[in-house]
> 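Got a structure for you, written out below as structure tokens; questions coming shortly.
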Amino acid sequence: MIAQIMNSIDKDKKELIKFTQKLVQTPSTNPYLPNESWKINEPIERQVAESIYDKLKEFGFSPKFVSALSNRPNVICKLKRRGKPTLIFNGHMDTVVANEKNWKFNPFSGKIVGNRLFGRGAYDMKVSLACMVFALKAIADLDFPGNVIFTAVVDEEPGACSEIGTKYLLKKGLKVDACIVGEPKTKIIIGQKGGYRFKLIVKGKAVHTGSSKWEKRTKGVNAITKAAKVALSLEKLKIRGKTSPPMFRGMKTVITPTIIRGGSAINIVPDECELFVDVRLMPGVTKRKIKGEIQKLVKKLNARIEELLFVPSAFTNPSEKIVEILKKNAEFILKRKVEIGVTGGWSDAHFFIKRGVPTICGFGPDGENLHAPNEFVYINSMIQVAKIYAITAYEFCGGTL
Ligand SMILES: [Zn+2]
């Protein structure tokens with residue numbers, strides 16, 4: 001049976017490459033902030049969704065659009081049988097901005113050079129969506145009792161906390177027993193740090209820098225230096241949560257001020273400064289805990305905190321069936337040991353894990369330059385991962401190898 005699945009992917013190899021190219025050639029840049037992106041009804045991912053929908057139709061499936069906003073459709077496609085269990089594949093259709101100047105090729109060309117397919121989203125993660133579609137096709141006619149559901153979702157890139165993508169599908173009543181999120185590379189990610197992001201608005205008082213009142217500090221407050229002091233203390237702040245799973249050993253909650261903006265003229269004491277801060281949360285650090293610690297630190301300042309997002313840390317036990325089956329099949333196809341690990345970046349996986357679904361937070365083809373110029377995916381890895389997805393789905397859903 002394994003040979004049959006592998007043959008099917010090998011036969012479709014050219015078509016799989018072409019389809020990945022097509023998805024890359026269809027821009028789906030999502031430049032918005034997490035607190036606004038899910039309210040924006042622009043057709044950011046719509047053409048990608050339509051291409052995926054059409055391909056699934058062409059393969060004889062009955063895909064559906066499920067949308068919270070009319071221009072931002074998710075695609076869902078069920079390979080339904082009578083029995084159990086149900087495995088879900090999940091991937092996002094949007095990409096980060098391309099910054100076109102620094103690319104060797106047009107980021108939407110899908111250009112192939114040797115074993116590399118270049119383009120924004122080639123690696124993160126249009127290739128994984130394409131692999132999932134062809135994996136579905138490879139097992140469609142095989143006999144197994146379980147169900148496979150493929151979901152291509154909108155609005156992940158701003159912070160994997162959207163109301164209109166994965167979370168919306170789950171709210172609509174998706175019931176599953178395990179999930180694979182196809183985030184990049186052939187390492188099995190079973191846990192991820194959480195995140196807390198906020199903007200700090202620090203107020204000062206404007207006054208001429210040459211005035212004697214400022215010289216004597218009887219008038220004026222410098223918002224930039226105030227914010228800078230906060231930035232330094234934030235970086236040093238130690239946050240301790242409850243105990244973490246052993247896989248997180250050696251890791252910690254990291255607070256990084258990442259953007260600072262303030263001032264209006266070179267000879268005026270700045271009266272306002274904005275500081276953006278990114279926090280990577282260890283398991284056990286709750287929203288209440290991190291908020292409390294930050295508030296304690298900024299309490300004495302004339303400052304306001306604007307929350308941008310909170311995503312909890314998430315973890316799947318390595319002894320879960322989906323982890324074991326994926327690892328076994330990945331090692332079989334890749335002919336080497338495949339690592340299991342956790343990461344400081346997060347994906348939509350936490351939505352599933354929060355609902356008790358054992359979830360692979362990331363496993364997809366290998367490439368380089370994620371979120372950077374000259375992003376590319378390795379073509380041979382694409383073929384291998386399509387096979388791994390297909391065999392894993394078949395075996396997890398009760399097929400006999
Ligand atoms: Zn991604």
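Note that ligands are numbered from 1 as they come in the structure, with each ligand's atoms numbered from 1 the same way. Here the structure is a predicted model, which is why all the values come from computation and not from measurement. Note: hydrogens, waters and symmetry copies are ignored here, and every other heavy atom, side chains too, is used.
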> Within a reach of under 6.0 Å around NZ of K205, are more than 12 heavy atoms found that belong to other residues, nucleotides or ligands?
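Not more than 12 within 6.0 Å, no.
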> Please name the atom of D124, restricted to N, O or S, that is closest to the Zn ion (ligand 1).
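That would be atom OD1.
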> Do F376 and Y378 make the cut of ring centroids closer than 6.0 angstrom?
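That pair passes the under 6.0 Å test.
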> Relative to the ring of F144, is the ring of Y394 parallel (under 30°), tilted (30 to 60°) or perpendicular (over 60°)?
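Aromatic pair Y394/F144 classed perpendicular.
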> Kindly confirm whether the Zn ion (ligand 1) is within less than 2.8 Å of some N/O/S atom in E156?
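No, since none of the N, O or S atoms of E156 sits under 2.8 Å from the Zn ion (ligand 1).
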> Look at E157 and state whether any of its N, O or S atoms is less than 2.8 Å from the Zn ion (ligand 1).
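Checking the Zn ion (ligand 1) against E157, no N, O or S atom falls under 2.8 Å.
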> If you round to 10 degrees, what value do you get for the angle at the Zn ion (ligand 1) between H92 atom NE2 and E183 atom OE2?
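The two atoms form an angle at the metal of about 80°.
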> Are there over 12 heavy-atom neighbours, none belonging to K111, within less than 6.0 Å of that residue's NZ?
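No - once you tally the heavy atoms of other residues, nucleotides and ligands closer than 6.0 Å, there are 12 at most.
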